[in-house]
Protein chains: 2
Amino acid sequence: MALPAATTLLAWTRLLRAADVAGQHCAATLRTVGLPPPEWYDVLLALERSGAQRPRDLQTRLGTEQYALSRLIERMAKAGLVTRTPCPDDARGHTLALTIQGLAMRAAMWPIYAEAIETALGARVAEEDRAALARLLAPLAEPISG
Amino acid sequence: MALPAATTLLAWTRLLRAADVAGQHCAATLRTVGLPPPEWYDVLLALERSGAQRPRDLQTRLGTEQYALSRLIERMAKAGLVTRTPCPDDARGHTLALTIQGLAMRAAMWPIYAEAIETALGARVAEEDRAALARLLAPLAEPISG
DNA sequence: GGAATTTCCATGCATCCGCATCGAAAGGCG
DNA sequence: CGCCTTTCGATGCGGATGCATGGAAATTCC
């Protein structure tokens, strides 16, 4: 295994820094207006887009750790945004579904979240560069050794 | 403020995902061989490269939150990797310096860390693409509105 | 010089995360 | 069927994080 080239190290530090800056900005923006953090949005969106589903499916879709998702779901259920109903054909699990409030919350979060994304990324990179960036990041967004 | 374009959203999701995948891989690699997490490396490297310095300087250099750095330093001091000596010309603060063990720890971490970076990034993106990626990420790694 | 402000660092508290593990159900296999 | 392995989801526990705040020293301003 070769040691990293200079371009690798530069890309590495910038990748981590850029994601941190952007992520923090979004989380902070949502928080200052009293809305839940971005990961709640991801769950709400996934349930809205792909319909009611089991935690395992959500876990694969979002790429979160099992225990992290378990507790995230618990908090969101406590907040009345999702429901956990027993799964008919697998008594181990349950089916997650959005509530009306969950649907409303996603709708309420979107404008704020969208503007934060625009500020953190859209407004700072030209259109053609964003396309190139997305293309270059594609392989890195895949799980390692898969 | 315009809402995000499609390329913005794609770049956004991939940026966060890529950084998470890469960061997790590195942290996990270090942990499985019993070494401290990546942020310890960053502190050790900064102290080695730029010499003894105050927490504030380190904070600016690394872009961490003040309280996070304060507690990180405390853990590293407890582990014997850095020392905190009273600052001669500012009685509020102190000067951070590497110990011999801190120097040794950075040296011990580097091969493992480097290989993890190579696996997570270097081996998955071509040389010319890494250069392009670093260039495209440069503006995003800067603090927002600064 | 003295008061108000700002900078520097630490910390109480609640929350969240990571790891390991657990209980329960499903699936595989003789 | 009875046993063993795998999958699903929750959780105890220690530790890390974020937020707010605190205290102390430095700086600014009059």
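Note that the structure is predicted; figures quoted are calculated from it, not measured. Numbers restart at 1 for each chain; the letters A, B, ... are given by sequence-line order, proteins then strands. For the numbers below, each heavy atom of this structure counts, side chains included, while hydrogens, waters and symmetry mates do not.
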Please write out each protein N/O paired with an N/O of nucleotides 1-7 of chain C under 3.5 Å, distance rounded to 0.1 Å.
| unit_1 | atom_1 | unit_2 | atom_2 | d |
| --- | --- | --- | --- | --- |
| C/dT7 | O2 | B/Arg92 | NH1 | 2.5 |

Nearest whole angstrom, please: distance from the [atom2] of [N] to the [atom1] of [X].
| X | N | atom1 | atom2 | value |
| --- | --- | --- | --- | --- |
| A/His94 | C/dA24 | NE2 | P | 16 Å |
| A/Gln59 | D/dT7 | CD | C1' | 11 Å |
| A/Asp90 | D/dA10 | CG | P | 12 Å |
| B/Glu39 | D/dG15 | CD | P | 16 Å |
| A/Leu96 | D/dA10 | CG | P | 8 Å |
| A/Lys78 | C/dT15 | NZ | C1' | 12 Å |
| A/Arg75 | C/dA14 | CZ | C1' | 13 Å |
| B/Leu69 | D/dC19 | CG | P | 16 Å |

Nearest listed nucleotide, side chain of [X], among [options]:
| X | options | result |
| --- | --- | --- |
| B/Pro55 | D/dC19, C/dC9, D/dT17 | C/dC9 |
| B/Arg54 | D/dG9, C/dC8, D/dA16 | C/dC8 |
| B/Tyr67 | C/dC17, D/dA20, C/dC13 | D/dA20 |

Can you tell me if the side-chain N/O atoms of A/Arg31 get under 4.0 Å from OP1 or OP2 in D/dG18? no
Can you tell me if B/Ser70 touches the phosphate of C/dC9, counting only side-chain N or O atoms and a distance under 4.0 Å to OP1 or OP2? no
Hey, does the side-chain of B/Gln66 have a donor or acceptor N/O within less than 3.5 Å of a partner on the base of C/dA10? yes
When you measure only distances, ignoring hydrogens and angles, does the side chain of B/Arg71 come within 3.5 Å of the base of C/dG12 through a donor and an acceptor? yes
Using the rule given for side-chain contact (heavy atoms from CB on, under 4.5 Å), can you reason through A/Leu47 versus A/Val43, listing the C-alpha separation, both sets of side-chain angles and the distance that settles it, and then say yes or no? CA-CA 6 Å; A/Leu47 286 176; A/Val43 170; 4.1 Å; yes
Let me know, please, whether A/Ala91 or B/Gln24 comes out on the 5' side of the other along DNA chain C by nearest nucleotide. B/Gln24
I want to confirm an ordering. Mapping B/Leu72 and B/Pro88 to their closest nucleotides on DNA chain D, which one lands closer to the 5' end? B/Leu72
Check ion pair A/Asp42-A/Arg61 (N to O, under 4.0 angstrom): no
Could you give me the CA-CA distance, side-chain angles and deciding distance for A/Met76 and A/Leu72, then say whether side-chain contact (heavy atoms from CB on, under 4.5 Å) is met? CA-CA 6 Å; A/Met76 293 179 68; A/Leu72 175 55; 4.0 Å; yes
Between B/Trp110 and B/Tyr41, what is the ring plane arrangement, given parallel below 30°, perpendicular above 60°, and tilted in between? parallel
Is there a side-chain contact between B/Ile73 and B/Leu58 (heavy atoms, below 4.5 Å)? yes
Taking the side chain as everything from C-beta on, heavy atoms only, tell me whether B/Pro55 gets closer than 4.5 Å to B/Leu96. yes
Please list, chain by chain and in numerical order, all residues satisfying side-chain hydrogen bond (donor to acceptor under 3.5 Å, both in side chains) with B/Arg71, sequence neighbours excluded. none
